[in-house]
Amino acid sequence: MRNWFAAIFLTLAAAGVGAAEAVPAAADPVLEARVQKLAEELRCLVCQNQNLADSHAELAIDLKNQVREMLKQGKSDKEIADYMVQRYGDFVLYRPPVKTTTLLLWGGPFVLFAGGLGVLFFNLRRRRNVGAAPLSQAEHAAALRLLEEKKEGA
C-alpha cells in the first residue's frame with residue numbers, strides 16, 4: 001500500500017513538473033532593459049515612494065506598457081520623460097529638474113542643515129560664555145560647613 005501511495009505521489013509530482021511552463025523571455029531584451037531603466041526613473045502615481053518598475057498598481061502597469069510602446073515607436077528616453085512630465089507634472093520624475101518651482105526641494109535640505117549648524121554653534125558659544133553663578137553668603141557658609149564636616153568625619 002505504501003508503495004502505491006509513493007507511486008501515485010511521484011506520478012503527480014512528475015505531472016506537475018511538466019505543467020509548469022517557463023515564463024516566456026521578452027521578445028526584445030534590449031527594449032525591456034530600456035523600459036526597466038525608464039520605469040525606475042518614473043514615480044508611480046498611485047503608490048507612495050515607489051517607482052513604476054517596483055509598483056504593481058494598474059496605472060503603473062499601464063504606464064510601463066505605454067513607455068514600452070513609445071520606445072517601440074522609436075522615441076528617445078528624453079521624449080518619453082518629457083511626455084510624462086507634460087501629462088503628470090514634475091511629480092512623475094524621481095529626480096525633478098532644478099527650476100524655480102523645485103528650488104526649495106533641491107536647496108531646502110542645505111538651508112536646513114546650515115541653519116541647524118548655526119543654531120548649534122550659537123548655543124555652544126553661549127554656553128562657553130556663561131560661567132557659574134556666584135554663591136550667596138549662605139550657600140558659601142553651607143559649603144564650608146559641609147567641607148568641615150567631611151574633614152572631621154574622615
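In this chain, residues are counted from 1 in sequence order. All heavy atoms count here, side chains included; hydrogens, waters and symmetry mates do not.
When the shell of 6.0 Å around CD of Q73 is examined, it contains more than 12 heavy atoms from other residues, nucleotides or ligands. Around the CG atom of L124, the shell of radius 6.0 Å holds more than 12 heavy atoms that belong to other residues, nucleotides or ligands.
With W106 contributing its side chain and P96 its backbone, the two residues share a donor-acceptor pair below 3.5 Å.
With values rounded to the nearest 0.5 angstrom, R34 atom CZ is found 12.5 Å from R68 atom CZ. Separation of atoms CG (N123) and CZ (R127) is listed at 7.5 Å; rounding is to 0.5 Å. With rounding to the nearest 0.5 angstrom, the OH atom of Y94 is 10.0 Å from the CD atom of E41. With values rounded to the nearest 0.5 angstrom, T102 atom OG1 is found 14.5 Å from R95 atom CZ. Atom-to-atom distance recorded for I61:CD1 and S55:OG is 7.5 Å, nearest 0.5 angstrom.
When only modelled atom types and interatomic distance are considered, Q36 and E40 share a side-chain donor-acceptor pair under 3.5 Å.
In this structure, S136 and E139 have side chains that are in contact, with non-hydrogen atoms separated by less than 4.5 Å. In this structure, L147 and K151 have side chains that are not in contact, with every pair of non-hydrogen atoms separated by 4.5 Å or more. No side-chain heavy atom of C44 sits less than 4.5 Å from a side-chain heavy atom of N51. Residues Q50 and H56 are not in side-chain contact: their nearest non-hydrogen atoms beyond the backbone lie 4.5 Å or more apart.
Under a 4.0 Å N-O distance rule, the pair K72/D28 does not qualify as a salt bridge.
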Quick one, Q66 with R87, criterion side-chain contact (heavy atoms from CB on, under 4.5 Å). Give me CA distance, side-chain angles, the key distance, then yes/no. CA-CA 13 Å; Q66 193 172 8; R87 194 164 181 189; 3.1 Å; yes
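F110 belongs to no hydrophobic cluster, as no Ile, Leu, Val, Met, Phe, Trp or Tyr side chain comes under 4.5 Å of its own. If you chain together ILVMFWY residues whose side-chain heavy atoms come under 4.5 Å of each other, Y88 ends up grouped with L31, V35, L38, L42, L45, V46, L52, L59, L63, V67, M70, L71, I80, Y83, M84, V85, F91, V92, L93.
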